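First comes the structure, then the notes that go with it.
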Amino acid sequence: KEEFIIEDTFIEIINIKNAYKLSQLKTTEIKEKFWNEEEISKIDNKKYLWSPYILKLKQYIKKIINSNGTITQTYKFGKNYSNGRLYLEGFGLQNLQHNIRNYLCNDYSNELDIINCCPSILLYLTDLHNINNKYLKQYVEHREDILNTYKLTKLDIIIAINTDKNKNKRNNNFYNI
């Protein structure tokens with residue numbers, strides 16, 4: 001089987017003044033001002049772990065300062081994929097919790113967070129093309145109730161939406177949207 005390794009480079013531009021200010025804070029101050037223990041990583045869909053995170057963050061901040069706020073990073077498609085989402089090799093903006101990322105990039109970007117984005121777009125498309133999906137509609141319109149009633153997480157729904165044959169089916173229709 002032929003393996004394709006596709007990569008691309010992107011330039012991360014950071015507010016150097018804020019990077020320097022962050023570098024001057026004690027670890028406890030960073031945790032108090034920026035840390036969100038409930039935030040889920042967009043890389044592996046797991047909660048961040050403080051100890052390894054702060055070590056990598058401090059190394060990254062030092063690298064930013066040494067490069068005067070501009071770093072060229074390499075991104076690749078996921079393992080065994082030649083399309084789709086690109087993932088950073090190593091540590092960088094993609095790995096940061098949003099509070100720190102917003103603080104470091106406040107002059108150069110704005111992060112938009114669309115609540116329930118993928119299910120809402122899918123519902124719009126199913127409505128546009130007259131495709132009946134009553135469970136998706138119920139989920140989008142009553143998300144918190146559905147998650148609580150069926151003891152599901154947002155990640156459960158995302159996995160269900162992105163899986164052709166869901167091996168982890170539970171005894172409810174929402175897990176199998």
Side-chain angles (χ1 to χ4, degrees), residues 1 3-4 6 8 10 12 27-28 30-57 60 73 75-106 109-177:
K1 180 179 175 181
E3 184 175 327
F4 294 96
I6 299 172
D8 210 341
F10 294 93
E12 296 181 352
T27 300
T28 54
I30 295 172
K31 190 172 188 178
E32 182 181 302
K33 291 182 181 190
F34 295 101
W35 181 250
N36 177 353
E37 66 183 36
E38 296 301 316
E39 188 167 334
I40 305 292
S41 168
K42 293 176 177 155
I43 304 299
D44 61 8
N45 293 310
K46 295 179 183 174
K47 286 185 181 180
Y48 289 90
L49 299 174
W50 172 251
S51 295
Y53 179 82
I54 191 64
L55 292 174
K56 289 179 182 178
L57 174 63
Y60 180 67
Q73 298 275 39
Y75 286 73
K76 291 184 177 184
F77 291 116
K79 188 177 181 181
N80 300 321
Y81 287 92
S82 60
N83 59 24
R85 183 175 181 170
L86 292 168
Y87 294 91
L88 174 64
E89 279 195 335
F91 194 86
L93 287 178
Q94 190 180 52
N95 307 101
L96 297 178
Q97 283 198 337
H98 79 276
N99 289 338
I100 293 175
R101 185 173 49 252
N102 290 347
Y103 180 71
L104 291 173
C105 298
N106 66 346
S109 68
N110 291 311
E111 184 172 333
L112 301 175
D113 186 13
I114 301 171
I115 295 172
N116 215 12
C117 183
C118 184
S120 296
I121 292 170
L122 287 173
L123 180 60
Y124 169 78
L125 291 171
T126 58
D127 286 348
L128 182 68
H129 296 286
N130 296 316
I131 299 169
N132 182 22
N133 195 330
K134 71 178 184 178
Y135 297 112
L136 180 60
K137 185 175 182 75
Q138 287 175 14
Y139 174 73
V140 168
E141 293 176 356
H142 307 285
R143 176 175 152 187
E144 290 306 315
D145 291 338
I146 300 296
L147 294 176
N148 290 331
T149 300
Y150 294 97
K151 296 179 178 25
L152 297 169
T153 66
K154 294 185 296 184
L155 182 57
D156 289 330
I157 299 299
I158 291 168
I159 289 170
I161 287 172
N162 289 292
T163 305
D164 290 336
K165 293 184 179 180
N166 196 341
K167 295 178 184 176
N168 297 318
K169 289 185 179 183
R170 296 185 185 175
N171 292 328
N172 68 70
N173 293 318
F174 296 100
Y175 194 73
N176 301 300
I177 291 177

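Residues take their numbers from the sequence shown, with the count starting at 1. Because the structure is a prediction, the values reported are computed rather than measured.
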(request) Would you give the length of the straight line joining atom CG of Leu123 to atom OH of Tyr135, rounded to the nearest 0.5 angstrom? (result) 15.0 Å
(message) Is there a side-chain contact between Leu96 and Tyr53 in this structure, where contact means two heavy atoms from C-beta onward sitting under 4.5 Å apart?
(response) yes
(request) Mind checking the OG1-CD1 spacing from Thr126 to Ile121? Nearest 0.5 Å is all I need. (result) 12.0 Å
(message) Can you tell me if Ile115 has over 12 outside heavy atoms packed within less than 6.0 Å of its CD1?
(response) no
(message) Counting C-beta onward and ignoring hydrogens, is there a side-chain heavy-atom pair between Tyr60 and Leu93 closer than 4.5 Å?
(response) yes
(message) Set out, in order, the CA-CA distance, both residues' side-chain angles and the distance that settles side chain to side chain contact (heavy atoms under 4.5 Å, CB included) for Phe10 and Gln94, then state yes or no.
(response) CA-CA 11 Å; Phe10 294 93; Gln94 190 180 52; over 6 Å; no
(message) Taking salt bridge (Lys or Arg N to Asp or Glu O under 4.0 Å) as the definition, give me every residue that meets it alongside Glu39, ordered by chain and number, with sequence neighbours left out.
(response) none
(message) Distance check, rounded to the nearest 0.5 Å: Phe91 atom CZ versus Leu57 atom CG?
(response) 5.5 Å
(message) Quick check: do Trp50 and Glu37 have side-chain heavy atoms less than 4.5 Å from each other?
(response) no
(request) State, with a plain yes or no, whether a side-chain heavy atom of Asn116 is found less than 4.5 Å away from one of Tyr139. (result) yes
(message) Restricting to non-hydrogen atoms, name the atom on Asn95 and the atom on Gly90 that form the minimum distance, rounded to 0.1 Å.
(response) OD1-O, 3.3 Å
(message) I'd like to know if the side chain of Glu12 and the backbone of Gln73 have a donor-acceptor N/O pair within less than 3.5 Å.
(response) no
(request) Any chance you could measure Ser120, atom OG, to Lys137, atom NZ, to the nearest 0.5 Å? (result) 11.0 Å
(request) Could you tell me the separation between the CD1 atom of Ile40 and the CD atom of Gln97, rounded to the nearest 0.5 Å? (result) 10.0 Å
(message) Test of understanding: with ring-ring contact (aromatic ring centres under 6.0 Å, His included), list the residues that count as partners of Tyr103, not counting sequence neighbours.
(response) Phe34
(message) Going by salt bridge (Lys or Arg N to Asp or Glu O under 4.0 Å), name the residues that satisfy it together with Glu38, two or more places apart in sequence or in a different chain.
(response) Lys47
(message) A side-chain contact here means heavy atoms from C-beta on lying under 4.5 Å apart; do Lys154 and Arg143 qualify?
(response) yes
(message) If we ignore hydrogens and angles and just use 3.5 Å, is the side chain of Asp127 paired with the main-chain N or O of Tyr124 as donor and acceptor?
(response) no
(message) When you compare the side chain of Ile146 with that of Thr149, does any pair of heavy atoms fall below 4.5 Å?
(response) no
(request) I would like to know whether Ile157 and Leu147 meet side chain to side chain contact (heavy atoms under 4.5 Å, CB included); could you show each step before the answer? (result) CA-CA 9 Å; Ile157 299 299; Leu147 294 176; 4.0 Å; yes
(message) For a quick test of reading the model, state the closest non-hydrogen atom pair linking Pro52 to Leu49 and the distance between them.
(response) CD-O, 3.4 Å
(request) Rounded to the nearest 0.5 Å, what's the gap from CG on Asn99 to NZ on Lys33? Could you check? (result) 13.0 Å
(request) Specify the closest pair of heavy atoms between Leu88 and Tyr75, including all atoms of both residues, with the distance to one decimal. (result) N-CD2, 3.4 Å
